[in-house]
Amino acid sequence: MKKRPFGLAVAQLGPIDKEESRASAVQRLHEMMREAASRGADMVVFPELALTTFFPRYWMTEQEAQARYFERTMPGPETQILFDTARELGIGFYLGYAEISAQGRPYNTSILVDKNGDIVGRYRKVHLPGHSDHKPTAPFQHLEKKYFDVGNEGFFVWETMQANIGMCLCNDRRWPETWRMLSLQGADIVALGYNTPSVNIHWPEPTHLRMLHHLVTLQSAAYQNCVWIGAAAKAGLEDGSHLIGGSVIVAPTGEIMAQAQSEDDEVIFCQADLALGDTFKQHVFNLAAHRRPEHYRLIVDQVGAGEPLGRAPVD
Ligand code: CDT
């Protein structure tokens with residue numbers, strides 16, 4: 001099979017302090033974009049909410065959050081340099097940020113930008129974790145359900161940069177439905193940004209499980225959906241709250257091809273062969289040949305787990 005080389009880079013961010021300016025965060029992204037381009041990247045994946053600290057950990061009014069942490073335009077004055085540099089160097093990028101839409105609604109959003117510096121795709125996060133009520137006794141909050149609306153556009157794959165590229169954000173990676181929506185559109189690559197606290201405020205989860213579940217999810221998703229995954233963390237001790245690192249590039253074989261060593265700003269790179277995914281798509285996961293949607297009705301008809309439906313066989 002003819003090779004389809006694609007230079008895939010992931011730029012992990014170390015912590016962004018609460019007081020750090022947008023301009024400073026963008027400068028860090030800009031430096032990593034230049035490094036990714038110098039290593040031959042066609043595209044670089046940045047984290048979720050990559051322009052500010054992970055603000056859903058703080059209780060405040062929606063108005064305060066929107067004034068301080070959300071973008072009303074993209075590109076904006078501080079982020080324009082990323083678009084200009086993408087065009088100058090011929091590198092695409094994925095960027096996560098907090099968006100106020102033209103209709104005034106708040107979303108946890110990512111965009112896909114091509115090598116001309118044009119926005120070719122937008123994804124608004126569907127699976128919002130956490131809670132909307134105040135939990136003053138918790139070590140920190142996870143208020144995505146307070147600050148963001150559920151994404152209103154669904155899951156898409158865009159044909160750009162000689163690849164089919166899909167997007168999702170953080171908690172979406174834990175849901176098989178996310179990946180299947182993208183593989184059913186022929187995704188070659190899925191870009192993913194995340195902020196995953198190493199402490200789970202909902203139950204005393206052993207810390208090592210956070211990384212295990214992150215990696216096991218991505219490795220199985222890549223294999224079962226025949227996609228390359230570029231996953232970019234915001235990592236390290238941010239305002240006293242620790243976020244896991246573990247940024248990775250995963251192949252359709254389920255193998256980790258590159259993994260961040262640090263919990264700081266770090267670029268990882270892999271010369272991906274997209275044809276590797278094609279091989280799996282033609283054989284074990286030939287969706288057209290083997291899927292049986294008539295037996296998957298519960299997946300779309302039902303939200304939570306219901307009663308067992310098994311009955312004794314009747315011939
Ligand atoms: N940002 C994000 O989606 N983080 C979640 C944390 C869930 S714990 C409330 C994640 O799935 O990593």
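Whatever order the structure lists them in is the order used to number ligands and atoms, beginning at 1. All values below were derived from every heavy atom in this structure, side-chain atoms included, with hydrogens, water molecules and symmetry-related copies excluded.
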Exercise. Could a heavy atom of N195 be found less than 4.0 Å from some atom of ligand 1?
Worked result: yes
Exercise. Can K135 be said to sit on top of W59's aromatic six-ring, NZ or CZ under 6.0 Å from centre and within 45° of the ring axis?
Worked result: no
Exercise. Purely on distance, is any nitrogen or oxygen of N171 under 3.5 Å from one on ligand 1?
Worked result: yes
For this session: Would you mind telling me if ligand 1 is within reach of the side chain of Y194, the backbone, both or neither, using heavy atoms under 4.0 Å?
Result: neither
For this session: May I ask you to identify, for R210, whether its side chain, its backbone, both or neither come under 4.0 Å of ligand 1 on a heavy-atom basis?
Result: side chain
Problem set entry | Lys/Arg cation over aromatic F55: R68, 6.0 Å, 45° cone | no
Exercise. Considering only protein heavy atoms, which is closest to atom 2 (C) of ligand 1, and at what distance to one decimal place?
Worked result: C170 SG, 2.8 Å
Exercise. Considering only heavy atoms of E48, which atoms of ligand 1 have at least one such atom less than 4.0 Å away?
Worked result: 1 (N)
Exercise. Any cation-pi pair here, K18 with Y58, using under 6.0 Å and within 45°?
Worked result: yes
For this session: Tell me whether the centres of the aromatic rings in F70 and Y97 are closer together than 6.0 Å.
Result: no
Exercise. Can R39 be said to sit on top of F269's aromatic six-ring, NZ or CZ under 6.0 Å from centre and within 45° of the ring axis?
Worked result: no
Problem set entry | Residue-ligand contact H214/ligand 1, heavy atom below 4.0 Å | no
For this session: Could you see which bit of K125 sits under 4.0 Å from ligand 1, with heavy atoms only: side chain, backbone, both or neither?
Result: side chain
Exercise. Got an N/O contact under 3.5 Å between R174 and ligand 1?
Worked result: yes
Seminar exercise, completed: Under 4.0 Å from one or more heavy atoms of T196, ligand 1 contributes atoms 10 (C), 12 (O)
Seminar exercise, completed: the protein heavy atom lying closest to atom 6 (C) of ligand 1 turns out to be H142 CE1, 3.6 Å
Seminar exercise, completed: If we number the atoms of ligand 1 from 1 as shown, the ones under 4.0 Å from a heavy atom of P129 are 2 (C), 3 (O), 5 (C), 7 (C)
For this session: Step through it carefully: locate the ring centre of H142, locate the ring centre of F54, and say whether they are under 6.0 Å apart.
Result: yes
Seminar exercise, completed: Per-atom filter on ligand 1: closer than 4.0 angstrom to a heavy atom of E144 are 1 (N), 2 (C), 3 (O)
Problem set entry | Given P197, S198, P15, the one that forms side chain to side chain contact (heavy atoms under 4.5 Å, CB included) with H242 | S198
For this session: Take atom CD of Q271 as the centre, draw a 6.0 Å sphere, and report whether it contains more than 12 heavy atoms from other residues, nucleotides or ligands.
Result: yes
Exercise. Can you tell me if R173 has a non-hydrogen atom under 4.0 Å from ligand 1?
Worked result: yes
Exercise. Any N or O on H202 sitting closer than 3.5 Å to an N or O of ligand 1?
Worked result: no
Exercise. Is the backbone of D172 close enough, under 3.5 Å, to the side chain of T178 for a donor and an acceptor to pair up by distance?
Worked result: yes
Exercise. Quick check: does any side chain N or O of E266 sit under 3.5 Å from a backbone N or O of Q261, one acting as donor and the other as acceptor?
Worked result: yes
